[in-house]
Amino acid sequence: MLILECPYCGVKGEETEFHGGGEAHLKRFGPGSSEEDFEGYLFHRENPKGVHLERWRHVNGCGKWFHVARDTATLEVFGSYSAQVTEPPQEIKDAISAKRPGWSWREFA
Amino acid sequence: MSETLSALKGARFAGIAVVTEAGLRGMITVRGDLADTDVKNAVTGVAGVDMPGQREINTVGERGIAWMSPDELLVMVPHGEAEQAVETMNAALTGAHALVVNVSDARAVFDVTGPHAREVLGKLMPVDFSAVGFGPGMIRRSRMAQVPAAVWMTGEDAFRVVCFRSVAQYVFDLLKAAAAEGSEVGLYA
Amino acid sequence: MSTRLAQGGRRIDRRKSVEFRFNGKRLKGYEGDTLASALLANDQMMVGRSFKYHRPRGIVASGAEEPNALFNTGEGATFEPNQRATTTEIFAGLEAKSQNHWPSLEFDIGAVNAKLSRFLPAGFYYKTFMFPRFAWKHLYEPFIRQSAGLGRAPEAEDRDGDTYEHFYGFFDVVVIGGGVAGLQAAKAAGEAGAKVLVMEQTAQWGGRAAVDGGEVDGAPVADYIAATVAALEAMENVTLRRRMMGAGVYDHGYLLAYERLRDHCPDEAGPRHRLWRIRAGRIVTATGAIERPLSFAGNDIPGVMLASAVRDYIVDYGVSPGDRVVVVTNNDDAYRTAIAVKEAGLSVPVIVDARVGGGGALADQARALGIRVETGKGIAKVHGTKRVEGVAICAQAGEGAVLDEVGCDVVAMSGGWSPVVHLWSHCGGKLNWDEAQACFRPDGNRPPTDQDGEGFVLPAGAANGELGLGAGLTDADAAGKRAADETGHKPGRGKAPVAADVDEAALEPVWLMPQGAGAKLRMKAWLDYQNDVKVSDVQLAAREGYESVEHTKRYTTLGMATDQGKLSNINGLAILSDALGQPIPQTGTTTFRPPYTPISMGAIAGEARAEIFQPLRRTPMHDWHEANGAHWEPVGQWRRPYCYPKTGESHAAAVAREVMATRESLGLLDASTLGKLIVKGPDAGRFLDMLYTNMMSTLKPGKCRYGLMCSENGFLIDDGVVARLDDDTFLCHTTTGGAERIHAHMEEWLQTEWWDWKVYVANVTEQYAQIAVVGPNARKVLEKLSEDDLSAEGFPFMAWKDVTLNRIKTRVYRISFSGELSYEISVPASEGRALWNMLLEAGDEYGATPYGTEALHVMRAEKGFIMIGDETDGTVIPQDLGLHWAISKKKEDFLGKRAQERSHMTDPKRWKLVGLETVDGSVIPDGAYAVADGTNANGQRNVQGRVTSTYFSPTLGRGIAMGLVLNGPDRMGEVISFPGTDGKTYDAKIVDPVFYDKDGEKQNV
Amino acid sequence: MRRYSAFAVAREAARYHTGWERAWRSPEPKKKYDVIIVGAGGHGLATAFYLGKNFGITNVAILEKGWLGGGNTGRNTTIIRSNYLQDPSAAIYEKARSLYETMSQDLNYNVMFSPRGVLMLAQTEHEVRGYQRTAHANMLQGVETEFVSPQRVKELVPIISLSGPRYPVLGGLWQARGGTGRHDAVAWGYARACSDMGMDIIQQCEVTAVRKEGGKVVGVDTTKGAIDCDKLGIVVAGHSGVLAEMAGFRLPIESVALQALVSEPIKPCMDIVVMANTVHGYMSQSDKGEMVIGGGADGYNNYTQRGSFHHIEETVRALIETFPMISRLKMLRQWGGIVDMTGDRSPILSKTPVENVFINCGWGTGGFKAIPGSGWGMAELMAKGQSSLTEEFGLNRFREGRFVDESVAAGVAH
């Protein structure tokens, strides 16, 4: 039963206040995009055993979407951050590096 | 003015705590840039209280403002004044990008009072209701059993719970069950 | 025989006798007795039958580890199977019955299995019962099921008479276990100022320490316990709870605790169990240790008990399990039992110590009491069937040659102690093997970790392998301080209490007795009493290659009984390791899973039962519907009237009446459940253009437009009418139940993709009650109530307008889902009921008829309008439904557009929507498929379409349907066949889906 | 291989069962195999078994990083049914169900297939229409099911409450020939049969890399050294993404924890399997007497084999609502498994971008019931390059938008 902190309202709540939204930082591909790009955007997922960047919504709370950096093997949470970014902010990357040196996830590391 | 009805017409239950439907309350959702002075002036103008900080609520009598999210406030006025308040705020916010909408009738409001009130709520919401964890001036949006709910204190051992109108009966029944005789937890009282 | 002693019994109150019933017999016990102690006091040693061989079973233990003493208790609303006697406090009127035997406990038919036991080794059923093929289902399985199963099943109609609840607790430090270690840890943490909860699963504080005696800081341990409990009770920041068990430890410091509030006093008001969901900064597991049995032939005969249990019954309950107690051990602790027995005035014929070197100080003490001690010896065999009659003694080193026979009625055995590491392990805590004590203990370097990657469980005292009183207290004090420190509190400087530990001679692991026991003896040496797993079974599993400990467990069912292997796991593990010729740690343990001991389903469900099982959403007119005989249909969590049958009227007849009344005059529908979302901002139009397949930005204020929404995957997910309220404000109607989903959908795109767009969304679904006034007389009714211009010209189709109806301010949308002249009127919810009444009254002269969801469905089907959930099922795109007119060609992009360009989406072979008219006017069954010739590669009949909606149309007096058909629109007039599961075949003609008022004259008047 | 029979058991009893041989050999890996299957769970072992039985390919190694049958094969709720809506699903699940009927005899190992019947409750009008649709589809697919009345439901499962205050039972989809099986025995039986055919089951052997030459697989590196092969089958539920990454391609998969629990054993009171999808719960009674209950899946990626407790709460309250008599039973044990969820919640049995590498994954919550059919189809795919059973489950379907979506009919599929 996870505990997550919503970066918008500051609530440290239990999992049942939130709703998981799957892999983060997907780039949307619309009309005109290639078959590969569109398939990748819609279906291909990193699904790593380890560091994972993902989306959550504080559905039973302030209603805001946000990002979480989490380890899927230990469930350790490295931090949560704004939904309005296309990649994790440096302090989150640093927090992960501190615990998981040499980590990488898609193009981020 | 025609007959207006709250969801449960003031239903009441007394167990280890007293649960009462508080009747219709004027509630207005305001979405906008909370740092914007126009927004601040508009809401404080009709509510007559200061802007609340993050997860705070300021109230005086039936009026008040609650912080709901970084771009959302809940403005409270007497039920009969809600429509007027909406117009006043809309007028004050012409030109600004903001949304002011009357949600008074979309809500049901309950008062839970008594020395065991904290325990009753602690049975239903994943929230720390100890005196240290929860006090006056705070508003907490969370889940009550299986529905969203918001709660704050209106006084010593007195809590106000707000939920959607359609689940008023469900929430009342939950509170009744949690306040049943002989169910004192003995933790907060 | 077992009986109540003249004195002793620190847990019972001899002034308060309690009457209860066992198998119908009226028996007496004292307040403070457990069912087990009370039964022993009444000479009831044999308490049940085993799972597989139905062998007689007696009480073995005194706590949660008891595998045998399980009873059916209560009746009807209070009936409960598999109640553990050792953890059940007796109360006046308690009704207990023994289980798993027929016809009676003393004479059990199933016992023949015991005679056959030699032919029923571990896993025998995997090797047999295969022929003839159908015999398994009809012959073998029913027999096996009947003979298994332990407790009686509650009656089908039994309803639980009790209530349950949850509670969310938040603590810095939670200490599990109220023995001396738990109390000391709580004290250390509490003194540091941490917010502490300490729980004890039984009704008494102090655990085993008081039974074993000893001194703390120079005073009897009992005084230390009393003083510490008093000190803790005095602390504001400490909460003490008895009858509360740490059930499970989960990720991120989530702890499940099971509080039994009324099991011992069922007549008092209040919930029976309370399930605590606790968030703990640190969890201290002071869960103690459990004594291990020894594996010798006949160690399952009633009267063979754990040495510690024998001691507990004498000291705690003043109960003698027997007159002549033979003690058999591989460690010093069991000597305490011999001494306790002797001091209680009972006889100990002999202490059989497997260690050649024998014991230490306690052994000397025993000898001093005149007890015969045999070292280097073991038990070759236990005599007796339903009760121990004696033991045959042999050399532990040998193969079981009998050296001596000793008569006795109890055998008190001790194979050493295993720390209770369950809660440490639930969330991934790792273990080390302790050679000296021959047990697994927590590896402090590999704890379960929390959200910060920090260890959050701290074992303390015996649970950490510190079995001695002094060592345990020191360890617990440190654990308490560390827990406080790690949760941000400053531990005090106070020293840990001092207690001298008796120096005990080292334990010598004994996994089989005697060491060289042959096959014959091994087949009688039990590991798991309840599931009848013997030493020979584990050895067989190893021999057959079930080498992983998980294989062995599953193959033999070792440790899978209701005690989850509390007594058997380590012994079985050792036997397996020996068979594989590898050290125990290499074999490893099975996974520890919650709960520590079983917890009631009722407690897990908590308050969520009956009316509050799930939220039920009500519209402002709900009570009226209820009072007027609505037959309800659940739609999501809403309840909507399906129809309003009059007395004696069938649902079908009611629906037909409602349809005709509406088509011919006037119908009223409670449409309040339709979702209503306000979308506002300079970019609102642009935003809706992305969400809907059609163009919304061009909609004029004051007008309405029907729109479709697709997922990014291309599939149709919702539809509804959009009204433009002003230049930058829209009101979007969604389907019932679509409101929350679509609101979330909008917020998701606004917050995570187009966060720079200036748009705000608000869900105002419940702010308004919405009533559809439908039928040729709809306008007349409204005109009666309003001065406003409602004429066809002044208020055309697909427009909206603010209208005052008899002083109620409303907003009216002139839209139609029925094909009739129709107005959807919305008012604040608090006025909904008033408006409903007003409309009924005003419409009375036109026979205003409230109609339900089914009439709504029929009328929309007659008009060929699609219904999300009927025509769509998550695999349908708008193009399939002939809705091209609602898919903008001009827009570069909208959600789903790219997906709809994929090869399968543009495949001309996709089934398309058509109308279906049965040749004989009958109604095609729901879900029927249209068959095509031949079969596919997998031998399945080819199909060419399916029905999506099918109704009897009262308007047309015949069956009508819509369906998706291969090349349907190009096959008008063609007849295709729909075989029904009823054996009939329904031939239907492909027609236009609009069956009624094709030109829309009625809705446009 | 010495055959198992009552006679054999009696004969062994005479010598205290000291004469039984190993059920499967435990060999060291050879340098090279024609086929390597990664994953000795039910699906992997079944694939190997049918490679040997149907295509005579027996130079096969099955590599297992832990102990065989130790993954989801040994963690599920053992339900076997084939009442699926879509043709491709119905085909492979019905193939599996029919193979289960003779499995004990085919493997000479009693897997205790118990065709006690599976009932899916319809508790809303929408669900009624959904199951009637499935019944019509099944009729044409050769799957025996019927939509039954509430009265019939009560006869089939007397402990049910037909009129919960919330969702009255309006009927049900009944598959009389569905049921349950002994999950471990399925893995053990296949393992014994594979071993007997000369295949090598190598436990405690983790694959660390997939070796390729010119876009073609040539072998794998393992914790027991390098092993060569001509063809590679990846059948590792819960870890498919990890293996796929080694092979160098991505999957439309996310791994989540799915939970289950059992009650303490009680005497027989429920002879069939009941699934209540409106309230999200399903239950059957094992031969030991435990009520076997399926819980929900977590909404986040998780490899811990531990789930969040609120799913257990949701399931239990749903089942108390449906079967009020279980309220005073006790939960004995709960556990979790890792399941692969695909983009359309249907499995993937497919060739991959890497030549001669085949993958079988994404069974989500429906894996156990499919084991023999999955093995049968996968074996054919690996041996012949195509199989009518697996055709619609290819990786390419996601690109084309050609989904096999079962959520259409029942909310959840277990």
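Numbered from 1 within each chain, the chains take letters A, B, ... in sequence-line order. Reckoned from all heavy atoms, side chains included, excluding hydrogens, waters and symmetry mates.
Only the side chain of C/Asp623 comes within contact range of chain B, with at least one heavy atom under 4.5 Å from a heavy atom of that chain. Both the backbone and the side chain of C/Gln614 have a heavy atom closer than 4.5 Å to some heavy atom of chain B. Proximity to chain C (any heavy atom under 4.5 Å) is shown, for B/Lys176, by neither the backbone nor the side chain. Heavy atoms closer than 4.5 Å to chain B are found in the side chain of C/Phe171, but not in its backbone. Heavy-atom distances place no part of C/Lys809 under 4.5 Å from chain B, backbone and side chain included. Neither the backbone nor the side chain of C/Thr619 comes within contact range of chain B; no heavy atom of the residue lies under 4.5 Å from a heavy atom of that chain. For chain B, no part of C/Arg279 is nearby; none of its heavy atoms comes within less than 4.5 Å. In this structure, chain C has no heavy atom under 4.5 Å from any part of B/Thr29. In this structure, the portion of B/Val101 lying under 4.5 Å from any heavy atom of chain C is its side chain and not its backbone. Of the two parts of C/Val759, only the backbone, made up of N, CA, C and O, holds a non-hydrogen atom closer than 4.5 Å to a non-hydrogen atom of chain B. Using a 4.5 Å cut-off between heavy atoms, B/Glu184 touches chain C through its backbone atoms (N, CA, C, O) alone. If you measure heavy-atom distances from B/Leu5 to chain C, the contacts under 4.5 Å come from both the backbone and the side chain. Heavy atoms of C/Arg833 lying under 4.5 Å from chain B belong exclusively to its side chain.
A distance of 7.5 Å separates CZ of C/Phe613 from CD of B/Gln146, quoted to the nearest 0.5 Å. To the nearest 0.5 Å, atoms CG (B/Asp128) and OH (C/Tyr168) are separated by 13.5 Å.
For the set C/Thr163, C/Val761, C/Leu616, C/Val764, the entry with the most heavy-atom pairs within less than 4.5 Å of chain B is C/Val761. Of the listed residues (B/Leu24, B/Val132, B/Leu99, B/Val171), the one with the most heavy-atom contacts under 4.5 Å to chain C is B/Leu99. Note: B/Val127 leads B/Val127, B/Asp173, B/Ile16 in heavy-atom pairs under 4.5 Å with chain C. Ranking C/Arg277, C/His622, C/Arg274 against chain B, the residue ahead of the rest is C/Arg274, based on heavy-atom pairs under 4.5 Å. The choice from B/Val167, B/Val185, B/Leu174, B/Val147 that makes the most heavy-atom pairs within less than 4.5 Å of chain C is B/Val185.
The closest side-chain heavy-atom distance from B/Ser166 to C/Trp638 is below 4.5 Å. Side-chain contact between C/Arg618 and B/Gln169 is present, with at least one heavy-atom pair separated by less than 4.5 Å. No side-chain heavy atom of C/Pro828 sits less than 4.5 Å from a side-chain heavy atom of B/Glu83. Residues B/His97 and C/Asp728 fail the side-chain proximity criterion, which asks for heavy atoms closer than 4.5 Å.
In this pair, B/Tyr188 and C/Phe167 present their aromatic rings tilted. The plane angle is within the 30 to 60° band.
Closest approach of C/Gln767 to B/Asn102, counting heavy atoms only: CD-O, 3.1 Å. The two atoms that bring B/Ala98 and C/Lys680 nearest to each other are O-NZ, 2.7 Å, heavy atoms only. Annotation for B/Asp33 and C/Tyr760: closest pair N-OH, 3.8 Å, computed over non-hydrogen atoms.
Residue pairs satisfying the ring-ring contact (aromatic ring centres under 6.0 Å, His included) criterion with at least one member in residues 152-173 of chain B, sequence neighbours excluded, are listed as follows: B/Phe129-B/Phe159, B/Phe134-B/Phe159.
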